[in-house]
Amino acid sequence: MQFHLTLNLKERVWHDSIPNTKWEHLGNVKLLILMRVSICLLQPRYPRDLTVLIVSFLLFQGLLWFFHSLLLSSLRRIRTMLGLRTWPRVVTFYMLYLNFQSGKALFTTVRELVENGLDSAESIGEFPVIEVTIEEISRSCYNSTIDDDNEKLLDKSSLGIKVEEPIAAKFMKGGSFYRVTCKDNGRGIPRDAIPDIFGRVSIRKKYGMKQTRGKSGVGGAKMVSVWSKMSTGVPVEIYTGIKNQKYRTSCSLDVDIHRNKPIVHSLNLIKSEDGDDWHGASMITVVIKGNYGSEILEYMRQMAVITPYAEFKFEYIAADENGGVKKSYPRIIEKMPPIPVETKYHPSAVDSYFIIPSLIGQTSNQNLLQFLLHEFVKINKTQALKLIGKMGPGVTSKTQVNSLTFPQIARMHELFQQTQFDDPSGNCLSPLGESEFGLGIYKVLHPEVVTTYTAKRDQAYQGHPFIVEAGASVGGDELKQGLNIFRFANRVPLLFEQDADVVTTTSIRESSKWNRYKINEDRDKVGVFVNIVSTKIPFKGTGTEYIGDDISQIADAIKTCLEDCCKRLKKEIRRAEIESGLEFSRDETATFLLSWRRCLVKQKKKEMAIKGFLRIYFLNL
């Protein structure tokens with residue numbers, strides 16, 4: 001590839017001749033752009049200033065090269081640190097990485113493992129049984145663990161197997177080492193799928209049209225494995241089994257974060273004993289660096305409230321023998337809510353241009369009319385024909401969807417956002433239920449009075465259906481004096497960034513009306529519980545821990561549900577007052593009757609005594 005630059009100093013005209021071929025080398029294009037910009041900015045007033053021009057051009061190119069290299073090196077470090085190969089993965093995974101780096105590493109690990117266990121058990125119709133054990137490890141014990149792993153690596157290296165050394169936890173200041181073990185009774189993991197599930201990061205779409213507990217779309221097991229690798233370097237231990245299989249699988253692995261692939265240290269089959277029908281992904285054990293706080297136990301408590309059909313066991317073993325915690329929450333009800341079902345996209349929910357091409361690649365409907373009618377909900381034939389008519393010339397109802405150009409697909413996406421469609425149905429959602437929600441609150445937090453309310457009809461925002469269920473309680477030893485707010489999203493507790501959440505702002509806004517419901521916010525222990533289920537939770541911030549109050553549909557639905565809860569709570573309080581008043585009246589009446597009877601007895605005895613005295617007196621006369 002040749003590049004010719006002609007400088008006509010007399011006429012002060014600069015020409016460049018470019019071969020009419022496709023540029024394949026980024027360096028040549030970059031050089032061309034730099035020279036053009038330099039020439040436009042630094043044209044000399046006189047021909048003799050050519051030296052100044054050359055020096056200025058070289059200086060300008062050097063500065064651009066420096067900043068360009070700095071930017072590329074920064075991005076490359078992030079990509080290498082996260083073990084990702086494509087740039088779209090960096091943004092999603094870096095947001096997840098913040099949850100680990102911000103001091104919530106231990107909490108995030110427990111949360112991801114617990115929610116994976118719940119999803120696995122519910123998928124096969126089993127009542128979940130989750131056991132979490134956190135053991136604090138002293139530094140000497142951690143060092144011995146690292147030494148044992150290094151010996152295993154050396155043994156493998158001697159056999160010619162290429163291995164990667166564990167990464168020492170030098171970059172994180174503070175924190176302690178913990179061994180986290182989570183057991184469940186879920187579906188179990190197939191033997192061949194274990195390395196990819198725990199050791200390979202693969203990005204899927206964050207939200208499909210389905211109610212899910214997950215927030216990220218990457219997978220909690222992968223996040224935990226990566227953080228374990230980066231903070232301690234100790235391999236993850238997995239022991240799993242599938243129902244009706246005659247063997248169990250034991251695996252030890254970690255992650256090659258530079259190449260985004262698993263490193264399997266051992267993968268063994270263990271024959272199950274006769275009569276052993278256990279199944280699940282039990283004994284998922286990771287060693288991480290983090291900080292233990294009260295939010296972990298609070299998470300388990302609130303999870304027991306919103307999942308009353310599950311059994312939870314939690315144990316914290318401190319390095320100091322006197323600092324341990326052991327807590328259990330038994331199953332309260334024998335009924336599980338239905339499993340959420342996947343539904344097709346609503347046109348207003350197509351918030352990304354790239355969703356349409358992915359649907360085109362998966363559809364079996366070839367012409368455009370059938371594609372609109374069968375791949376989306378709430379599009380009737382009349383609306384589909386109107387949309388096709390607005391897509392531009394050459395597009396008809398019989399146009400093959402595979403032949404649509406990018407401008408035509410962009411026009412379809414634009415029409416989806418501009419057209420008014422009917423709201424989607426909420427039949428695909430799975431709320432907990434009024435009575436189940438109330439039992440969970442009562443059995444775990446033990447309030448004096450509790451009421452719950454579930455919205456009678458589902459609503460929608462931006463093409464996503466949602467249902468709000470709320471609860472209100474008064475009294476109880478588990479709550480503090482004043483307003484206690486409990487927030488849930490898709491039956492998962494939200495513990496952080498409470499002040500900015502729509503539930504908090506709505507509850508505080510309605511707090512001026514508590515008196516009309518016979519509730520004194522300053523004196524009573526008031527509990528407010530709100531659970532939002534939807535195919536997409538509109539989280540705000542990088543931590544995805546709160547829901548903004550900028551969506552009026554959700555804020556209005558929460559307000560309506562809380563008002564109905566408070567009306568019911570007022571009736572319950574009034575009924576309790578009446579019953580307590582009747583009991584008081586009965587006690588007073590019983591006391592009066594008893595006193596009156598005693599008086600009658602005393603009076604009768606007195607009269608009998610007088611009559612007897614008189615009879616004796618007159619007989620003596």
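Heavy-atom basis, side chains included; hydrogens, waters and symmetry copies ignored. This is a predicted model, so every value here is computed, not measured.
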When rounded to the nearest 0.5 angstrom, what is the spacing between CD1 in I134 and CD in E315?
10.5 Å
Check whether any side-chain heavy atom of F314 sits under 4.5 Å from a side-chain heavy atom of R301, and report yes or no.
no
Verdict with supporting geometry, R213 and L118, side chain to side chain contact (heavy atoms under 4.5 Å, CB included):
CA-CA 9 Å; R213 286 189 174 94; L118 289 173; 3.8 Å; yes
Please find the pair of heavy atoms, one from G241 and one from R248, that lie closest to each other, and give the distance.
CA-CD, 3.7 Å
Can any side-chain N or O of S120 pair as donor or acceptor with the backbone N or O of R187 at less than 3.5 Å?
yes
Apply side chain to side chain contact (heavy atoms under 4.5 Å, CB included) to the pair I537 and I532, showing each step before the final yes or no.
CA-CA 8 Å; I537 301 295; I532 303 173; 4.3 Å; yes
For the side chain of N490 and the backbone of S534, is there at least one donor-acceptor N/O pair under 3.5 Å apart?
yes
Using a 4.5 Å cut-off on heavy atoms from C-beta on, say whether the side chain of N531 contacts that of P431.
no
Distance flag, aromatic centroids of F496 and F107, threshold under 6.0 Å:
yes
N/O donor-acceptor pair under 3.5 Å between R487 side chain and E545 backbone
yes
Quick one: does S228's side chain have a donor or acceptor within less than 3.5 Å of a partner on I288's backbone?
no
Exercise: identify the closest heavy-atom pair between V255 and F198
CG2-O, 3.8 Å
Under 3.5 Å donor-acceptor, T240 side chain and T249 backbone
no
Spatial distance of atom NE2 (H413) from atom CG (D351) [nearest 0.5 Å]:
6.5 Å
Quick test of your reading of the model: are E342 and K210 salt-bridged, counting only N-O distances below 4.0 Å?
no
Identify the two heavy atoms, one from S123 and one from I339, that lie closest to each other, and give their separation to 0.1 Å.
CA-CD1, 4.1 Å
Is any side-chain heavy atom of M223 less than 4.5 Å from a side-chain heavy atom of E112?
yes
Side chain to side chain contact (heavy atoms under 4.5 Å, CB included) with V224: of N116, V110, T109, only one passes, and it is T109
Can you check whether D550 reaches K540 side chain to side chain, under 4.5 Å on heavy atoms?
yes
To the nearest 0.5 Å, what is the distance between OG1 on T535 and NE2 on H346?
10.5 Å
Minimum-distance pair of heavy atoms, taken over all atoms of G290 and A105:
CA-CB, 4.4 Å
Run through F539, Y299, Y546 and flag the one making a side chain to side chain contact (heavy atoms under 4.5 Å, CB included) with L494.
F539
Please step through side chain to side chain contact (heavy atoms under 4.5 Å, CB included) for the pair R491 and Q211, ending with a clear verdict.
CA-CA 10 Å; R491 308 207 301 265; Q211 172 189 333; 3.7 Å; yes
Please find the pair of heavy atoms, one from N185 and one from I124, that lie closest to each other, and give the distance.
O-CD1, 4.1 Å
Could you tell me whether the side chain of T363 and the main chain of I360 form a donor-acceptor pair under 3.5 Å?
no
Before giving the answer on side chain to side chain contact (heavy atoms under 4.5 Å, CB included), spell out for T232 and V286 the whole-Å C-alpha distance, their side-chain angles and the decisive distance to 0.1 Å.
CA-CA 10 Å; T232 64; V286 295; over 6 Å; no
Y292 and Y178 aromatic ring geometry - parallel, tilted or perpendicular at 30°/60° bounds
tilted
Drop me the distance from L359's CG to H374's NE2, to the nearest 0.5 angstrom.
14.5 Å
Does any donor atom in the side chain of S348 or Q462 lie under 3.5 Å from an acceptor atom in the other side chain?
no
Is F127 close to M336 at the side-chain level, that is, under 4.5 Å between some pair of heavy atoms?
yes
Tell me the closest heavy-atom pair linking V533 and L429, and the distance in Å.
O-CD1, 3.8 Å
So, E497 and K104, do they make that salt bridge, N to O below 4.0 Å?
no
In Å, rounded to the nearest 0.5 Å, how long is the span from CG of L368 to CG of N402?
11.0 Å
Distance (rounded to the nearest 0.5 Å) between I189 CD1 and R191 CZ:
13.5 Å
Side chain of D501, backbone of I547: donor and acceptor closer than 3.5 Å?
yes
